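Scope of the values below: all heavy atoms of this structure, side chains included, with no hydrogens, waters or symmetry mates. Computed from a predicted structure; not experimentally measured.
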Amino acid sequence: MRFELFIALRYLFTGRKHGFISAISLISMLGVALGVAALIIVLGVMNGFSQNLRDKILGVNAHVLVSSLKGPFTEYEQHKKRIEDMSQVRAVLPFVYAEVMLSSTRQAKGAILRGIDTEAASRATSLDEDMVRGSLQELEAKTSPHPILLGEDLASRLGLSLGDTVHMMSPSGEKSAAGFSPKIESFRLAGVFDTGMYEYDSSLAYVSIPAAQDILGFEEDKVTGLEVRLTDVYAAPQTAGAIEEAVSGEPLTARTWMDMNQELFSALKLEKTAMGVILLMMIMVGSFSIVTTLIMLVMEKKQDIAVLMAMGAKPGNIKRIFIYQGTLIGAIGTAAGYALGLGISYCLQTYEFIQLPQDIYYLDHLPIQLAATDLTWIGIAAIGLCFLATLYPASRAAKLEPASVLRYE
């Protein structure tokens, strides 16, 4: 063992005569540990919220949305086959989209109508898993009135139960010489879904593509757009670029889920960064106490330093002694912070003992998602700050004059 490290360890762990300094060292370790633990937990929660929100949004929406600049378009099958042959593409789902008015014997409410391919939606979306009453396959029934799926909040607000009739009015359902006139049709509630997102559960209504085309007055081969589902959601920008290049001669555009939700995820990223900076300052407070500890130790150990230098120790050796000691305090504090932060994160993830009010949040528990990159940078930042905190006290110790210290000893 290098003698600098040996002396640093003795100063750190054998402080019987200097209990006050040992107490300050312990407080420094605890300060670093609490800062590291808080940073791990908070960043884990922020990652958990962001990923959970992303999964819920992508469970309903497309990874890449292909639509026409001229509105609903026909002959979509050729575009669908062309996109399906691209790498990273898992499924391509045609859909019909419109804003309608739903009414029951209780009240009326505006809704978003989506006509979907039931079989494709069952394979490529989370809608089948979100069903709480009825089933997605009910949309395939060729009955009159047509079956419809509603979000739980929307069905509750309309006062509907399974099998009840709901009336749908489309503002542009029938085309006449005077323009478009509203069209009203009746639908049978065949299922209720709960995505966990109030925005969706209070406004979405699903029907089959033929039923949507019928009430909107579309031709049989006309759809609003194509939903592209990918094996890797982060490959959306590259896939969207490839799609636009493949259909460059036609008025089609491709938008990614990142573009459509840019404001939301940018806000989450900014909040995560702000919280990280604030909590990093907690670690800085712990590292400042290391400066105090080492300065007091240098004052207490003047004679030891002078003797070592008289025996041949160089200023660099003295400097390394205190750098090692401060870095050891930081390393021990960081390790304790990792143990505390990872332990609490594991308990939060496993036992879910912190419950969230569902009428405010879209989750019923606090989510935790630890990222290896975050954990690595937390450790580097903590050790780096503690190392920087040792430089000034170590330089002070290296500048001591052994003759002036030992003169009166």
Side-chain angles (χ1 to χ4, degrees), residues 60-62 65-80 92-104 107-122 124-125 127 134 136-151 154-155 157-158 160 164-193 199-228 250-255 260:
V60 176
N61 295 313
L65 182 65
V66 180
S67 58
S68 173
L69 298 174
K70 297 181 179 180
F73 58 95
T74 58
E75 300 179 357
Y76 64 88
E77 285 291 344
Q78 59 180 347
H79 302 307
K80 178 182 174 184
V92 180
L93 290 70
F95 72 94
V96 176
Y97 176 95
E99 296 180 4
V100 297
M101 178 69 72
L102 298 178
S103 63
S104 65
Q107 69 170 342
K109 188 180 184 302
I112 302 298
L113 177 67
R114 291 178 69 95
I116 59 173
D117 182 336
T118 307
E119 182 182 352
S122 179
T125 72
L127 184 58
L136 177 61
Q137 285 67 34
E138 291 285 338
L139 290 184
E140 298 178 355
K142 307 296 182 180
T143 61
S144 182
H146 294 300
I148 187 172
L149 307 179
L150 298 179
L154 180 58
R157 184 169 296 186
L158 293 172
L160 298 173
D164 289 350
T165 299
V166 59
H167 303 288
M168 181 185 296
M169 183 184 75
S170 169
S172 58
E174 294 181 346
K175 188 175 183 180
S176 62
F180 287 94
S181 59
K183 182 177 181 180
I184 300 176
E185 282 193 15
S186 297
F187 287 80
R188 173 181 57 86
L189 183 60
V192 176
F193 59 87
E199 181 182 353
Y200 299 143
D201 296 335
S202 62
S203 62
L204 276 179
Y206 288 100
V207 297
S208 64
I209 288 180
Q213 290 170 333
D214 181 39
I215 191 170
L216 296 175
F218 284 6
E219 301 170 15
E220 289 187 3
D221 62 342
K222 179 177 285 188
V223 296
T224 305
L226 299 173
E227 291 188 12
V228 182
E250 302 185 34
L252 295 180
T253 181
R255 299 179 63 197
M260 293 183 284

Heavy atoms of other groups near [X] [atom1], more than 12 under 6.0 Å:
X      : atom1 : value
Glu77  : CD    : yes
Arg255 : CZ    : no
Glu140 : CD    : yes
Glu199 : CD    : no
Gln107 : CD    : yes

Quick one: [atom1] on [X] to [atom2] on [Y], what's the gap to the nearest 0.5 Å?
X      : Y      : atom1 : atom2 : result
Ile184 : Ser170 : CD1   : OG    : 10.0 Å
Leu189 : Glu138 : CG    : CD    : 10.0 Å
Tyr76  : Leu226 : OH    : CG    : 8.5 Å
Glu250 : Leu69  : CD    : CG    : 11.5 Å
Leu127 : Ser122 : CG    : OG    : 8.5 Å
Leu139 : Glu119 : CG    : CD    : 13.0 Å

Q) Is the backbone N or O of Tyr97 less than 3.5 Å from a side-chain atom of Thr224, with the two atoms forming a donor-acceptor pair by type? A)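 Flag set: sc Thr224 to bb Tyr97 pair under 3.5 Å.
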Q: Indicate yes or no for a side-chain donor-acceptor contact from Ser104 to the backbone of Val166 under 3.5 Å, with no hydrogens or angles considered.
A: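 Judged by distance alone, no pair lies under 3.5 Å.
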Q: Report the residue from Ile112, Ile116, Ile148, Leu113 that forms a side-chain contact (heavy atoms from CB on, under 4.5 Å) with Tyr206.
A: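 Single side-chain contact (heavy atoms from CB on, under 4.5 Å) partner of Tyr206 among Ile112, Ile116, Ile148, Leu113: Ile116.
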Residue pair [X] / [Y], side-chain heavy-atom distance below 4.5 Å:
X      : Y      : answer
Val60  : Thr125 : no
Val228 : Val66  : yes
Leu252 : His79  : yes
Lys109 : Leu154 : yes
Pro94  : Ile209 : yes
Phe218 : Pro72  : yes
Leu216 : Lys222 : no
Ile215 : Met168 : yes

Q | Over all atoms of both residues, closest heavy-atom pair of Gly110 and Met101 | A |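 Smallest heavy-atom distance, with atoms named: N-SD, 3.6 Å.
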Q. Which atom names give the shortest non-hydrogen contact between Phe73 and Ser68, and what distance separates them?
A.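 Nearest pair, atom of Phe73 first, then Ser68: CD2-CB, 3.5 Å.
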Q | His146 vs Asp214, side-chain contact (heavy atoms from CB on, under 4.5 Å): CA-CA, chis, key distance, verdict | A | CA-CA 10 Å; His146 294 300; Asp214 181 39; 4.1 Å; yes
**Q.** Proximity of Phe193 and Tyr200 rings by center, below 6.0 Å
**A.**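 Judged by ring-centre distance (under 6.0 Å), Phe193 and Tyr200 do not meet the cut-off.
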**Q.** Thr74/Glu219 under side-chain contact (heavy atoms from CB on, under 4.5 Å): CA gap, chis, key distance, verdict
**A.** CA-CA 8 Å; Thr74 58; Glu219 301 170 15; 3.9 Å; yes
**Q.** Test: Lys183 and Glu185 ion pair at under 4.0 Å
**A.**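 A salt bridge links Lys183 with Glu185.
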Q: Tell me, with the steps shown, if Val192 and Leu149 meet side-chain contact (heavy atoms from CB on, under 4.5 Å).
A: CA-CA 6 Å; Val192 176; Leu149 307 179; over 6 Å; no
Q: Go through Val207 and Phe187 one step at a time and tell me if the side-chain contact (heavy atoms from CB on, under 4.5 Å) criterion holds.
A: CA-CA 9 Å; Val207 297; Phe187 287 80; 3.8 Å; yes
Q) Is it true that the side chains of Ser186 and His167 contain a donor and an acceptor less than 3.5 Å apart? A)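 Judged by distance alone, the side chains do pair up.
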